[in-house]
Engineer: 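Just passing along the structure, written as structure tokens.
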Amino acid sequence: MIDLHCHIIPLVDDGAENAEAACEMAAHALRSGVDTIVCTPHCNLRGARPNYRGRDYAKCFSMFRALLKQRGIPLRILPGCELFAHRSNLRQLLDSKRVVTLNHSRYLLVEFSFHASGESMTSSLELIARRGLIPVVAHPERYDCVQHDPSLAVCWFAKGYIIQLNKGSILGLLGEGAYHAGTHLLASGIAHVIASDAHDPRYRTTGFQSLLPVLSRLCSPEYIQLLLETNPDRIIHDRHIPAPEQEF
Ligand SMILES: [Fe+2]
């Protein structure tokens, strides 16, 4: 399986707090059948390390890859980021190509403030799409506006944007609102990917072991395969993703 959203690079954001924690997260992922993780540190979050594309990012990423090699942990890691979309600098960041897309594909993982309005989120997503990128909406089920009106996520889906749910939402670990919205989007068949959004080895963890029995009560084996393997694989190889309902 492939985990498309994970804060595993140590000391670059609020994810892995040191090398030990990162290695523990990597080993846990492998034990639960995840062989590939796209590293997605927060990017463009105010008051935090920016993690834009460039020399600093490349250095942190290659140091982490070297660490895994040194420890003998055979996890494949790929570059990416989770772009925090601020209206003030989104256009400039995209035009100057300062964001790390998922394995340098056209797919860009993007997050918003939990309290952002639906209109502002939609207009940021449209701006990203106009630049020739395909937005991957990080955990829409966690946003207030989607929890109040899930049809917003259906609109994004209809525009061809990728809907990525969090493991923790489906497990009920991220609040009732996220649980209800997440399972609703899943039941509607509009989710493309589920990822860990892991931040540490204890609470927001890597791996899908605990998720699989829950998912198997909610969706078919074919859909689970799409969510955890086929679609993430298409994204890292920059391939087209058909709508889930076209696949069965
Ligand atoms: Fe995240």
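For reference, positions follow the sequence shown, starting with 1. Only heavy atoms go into these numbers, but all of them, side chains included; no hydrogens, no water, no symmetry mates. For ligands, and for the atoms within them, numbers begin at 1 and follow the listed sequence.
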Engineer: Determine the minimum heavy-atom distance between V12 and C60, stating which atoms define it.
Structural biologist: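 Looks like CG1-SG, 3.7 Å.
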
Engineer: So does H7 have any N/O/S atom less than 2.8 Å away from the Fe ion (ligand 1)?
Structural biologist: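 Here the distance criterion (N, O or S atom, under 2.8 Å) is met by H7, so yes.
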
Engineer: Taking both backbone and side chain into account, is any N, O or S atom of H5 nearer than 2.8 Å to the Fe ion (ligand 1)?
Structural biologist: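 A backbone or side-chain N, O or S atom of H5 is under 2.8 Å from the Fe ion (ligand 1).
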
Engineer: Grouping I, L, V, M, F, W and Y whenever their side-chain heavy atoms are under 4.5 Å apart, do F84 and I134 come out in a common cluster?
Structural biologist: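 No, it is not one cluster - the side chains of F84 and I134 are not joined through contacts under 4.5 Å.
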
Engineer: Give the intermediate values and the outcome of side chain to side chain donor-acceptor pair (under 3.5 Å) for residues K167 and T205.
Structural biologist: CA-CA 9 Å; K167 168 179 90 165; T205 58; 2.9 Å; yes

Engineer: To the nearest 10 degrees, calculate the angle at the Fe ion (ligand 1) involving OE1 of E82 and OD1 of D197.
Structural biologist: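 Rounded to 10°, it measures 170°.
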
Engineer: Going only through I, L, V, M, F, W and Y residues with side-chain contacts under 4.5 Å, is there a path from I163 to Y179?
Structural biologist: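 In one cluster: no.
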
